[in-house]
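The next block holds one structure in the form of structure tokens; read it before the comments.
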Amino acid sequence: MSDLIQGIDVCIAGTGSHVPEHILTNDELAMRVDTSDEWIVTRTGIRERRIAAEGEHTSHMATKAARIALEQAGIEAGEIDLIIVATITPDTLTPATACYVQQALGAHGAVAFDISAACSGFLYAMKISKRLISDGAFNNALIIGAEKLSAFVNWEDRATCVLFGDGAGAAVLRKAEPGEGSIIATEMGTDGRLTHLLSIPGGGSACPITIDNAAERHATLAMLGKEVFKHAVTRMKEAAERVIERAGLTPGDIACVIPHQANLRIIDAIADRLDMPNERVFVNLHKYGNTSAAAVAIALDEAARSGAFKRGDHIVLVVFGAGLTWAAAAIRW
Ligand code: COA
């Protein structure tokens, strides 16, 4: 699905991110399961990840990231019209994590809900809120990708436990003033024929966790890694190409590509296929691993603050996740 109608321009007025204090290194993981720092770094690029403390919920990380984004945007909590939290690790199945964030921020005038699109959730939220603002339904939106994946990882499965981490990233969107940047083109897609490649099979209504099945750990991430890898490269490359073309740009016009942070080999393969030099591709997965919906949001915040691009530059965000889902956005910063 792409942008067919162009309404009011929408810009990103502020970004923020928050990761838990506790660092879990590859060497520490190698003391728990049969793996090594060398294997993890060579196959994924990941060196360490952050793990939330026991009482630190997804909404807590989301709220911290949101406060930083709001401050940068110069918007008070009471002025927020819409809050969307993208997460597959909500505090509770209901109410939505966005409701806890609304409460913590005191954003009592906002409509708040969650979306579940795995690692693509932040860009799904961006497209939804961009459309609602450009249609005139809302003046602004706070979008957040936040995950506590450590609560849904099987810490005895070396094939998955080395990959994931916790964290949150946020952005404030609002109507753009003349001369400001804007979200130029967005793209999103889904292929429900591939639900079996990456899922948390238990804990929902299809497979509730009971006393009898609790030991089987159905409420943890299950993945066919090699298959996911292939689809990730193809879909992200296509989505990035589409938004670049629809924005009337070429890869050479893009100052920075910010891809989903899952695996350095996936990122390198996409950069290669887009003919994008490595120095124009932002990577922070060595510090955080794959934080699903939070990953591209944290990366956007870190890239913007590190000076990876400046006002007026064109950037591309591109993501991929369970579903399978994928999405991209071309933005003039
Ligand atoms: N440490 C050491 N060995 C490991 C290991 C680990 N943590 N995990 C798996 N292995 C072993 C396997 O058991 C296998 O051993 P075998 O050959 O004796 O059977 C071997 O390493 C190769 O495993 P394989 O799964 O083929 O490795 P791979 O090169 O495909 O890399 C992933 C595995 C998970 C890193 C890779 O497939 C991947 O990143 N896929 C995409 C995952 C992803 O990004 N998911 C999120 C999308 S949003």
Side-chain angles (χ1 to χ4, degrees), residues 24-49 86-89 115-124 145-147 149-150 152-167 169 188-192 194-201 220-240 258-272 281 283-286 288-299 317-328:
L24 179 64
T25 65
N26 290 347
D27 283 334
E28 286 170 305
L29 270 176
M31 290 190 266
R32 295 189 191 184
V33 289
D34 182 14
T35 189
S36 66
D37 177 57
E38 197 264 334
W39 192 95
I40 302 170
V41 172
T42 313
R43 301 288 179 122
T44 72
I46 299 165
R47 294 184 180 275
E48 57 191 39
R49 70 287 294 141
T87 186
I88 54 165
T89 54
I115 59 165
S116 173
C119 310
S120 304
F122 185 73
L123 292 195
Y124 272 42
E147 303 285 8
L149 287 160
S150 59
F152 294 88
V153 161
N154 177 353
W155 290 103
E156 287 175 13
D157 175 18
R158 68 175 183 174
T160 53
C161 78
V162 301
L163 303 174
F164 300 100
D166 302 334
M188 55 186 195
T190 308
D191 189 345
L194 299 171
T195 50
H196 59 287
L197 295 188
L198 179 51
S199 65
I200 299 174
T220 57
L221 279 152
M223 181 175 68
L224 297 174
K226 265 197 195 319
E227 284 300 304
V228 172
F229 192 110
K230 279 189 276 179
H231 289 286
V233 173
T234 313
R235 292 304 192 179
M236 283 205 279
K237 179 234 173 205
E238 287 171 358
I258 303 171
H260 175 48
Q261 306 286 315
N263 184 314
L264 190 56
R265 290 188 295 141
I266 295 177
I267 294 176
D268 286 346
I270 297 161
D272 191 47
V281 180
V283 175
N284 66 0
L285 62 77
H286 51 287
Y288 308 132
N290 181 351
T291 57
S292 191
V296 78
I298 298 171
L317 275 51
V318 59
V319 294
F320 176 87
L324 296 178
T325 56
W326 57 91

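The basis for the numbers below is simple: all heavy atoms, side chains too, and nothing from hydrogens, waters or symmetry mates. Each ligand, and each atom within it, is numbered from 1 in the order the structure gives.
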Is Glu147 reaching over with its side chain to a backbone N or O of Ile88, donor-acceptor style, under 3.5 angstrom?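 Yes, Glu147 side chain to Ile88 backbone: donor-acceptor pair under 3.5 Å.
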Is there a polar contact, in the sense of an N or O pair closer than 3.5 Å, between Ala322 and ligand 1?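 The answer is no, given that Ala322 and ligand 1 share no N or O pair closer than 3.5 Å.
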Identity of the nearest option to atom 30 (O) of ligand 1, non-hydrogen atoms only, from Gln261, Lys226, Arg158, Arg43: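 Residue with the shortest heavy-atom distance to the ligand atom: Lys226.
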Report the member of Ile266, Thr42, Leu163 with the shortest heavy-atom distance to atom 34 (C) of ligand 1.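 Nearest option to atom 34 (C) of ligand 1, by heavy atoms: Leu163.
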Side chain, backbone, both or neither: Thr35 near ligand 1, heavy atoms under 4.0 Å: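 It is both parts that get close, each with some atom under 4.0 Å.
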Between Asn290 and ligand 1, which residue portion shows a heavy-atom distance shorter than 4.0 Å: side chain, backbone, both, or neither?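 The answer is the side chain.
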List every atom of ligand 1 that sits less than 4.0 Å from any heavy atom of [X], numbering the atoms from 1 in the order shown and giving each element.
X      : result
Gly225 : 37 (O), 40 (N), 41 (C)
Thr44  : 35 (C)
His260 : 48 (S)
Asn263 : 35 (C), 38 (C), 39 (O)

Within a distance of under 4.0 Å, is there any protein heavy atom near atom 19 (O) of ligand 1?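 For atom 19 (O) of ligand 1 the answer is no, since every protein heavy atom stays at 4.0 Å or beyond.
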In the protein, which heavy atom is nearest to atom 8 (N) of ligand 1, and how far is it?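 Of every protein heavy atom, Trp39 CH2, 3.3 Å lies nearest to atom 8 (N) of ligand 1.
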Among all the protein's non-hydrogen atoms, which is closest to atom 47 (C) of ligand 1, and how far away is it?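 The closest heavy atom on the protein side is Val228 CG1, 3.6 Å.
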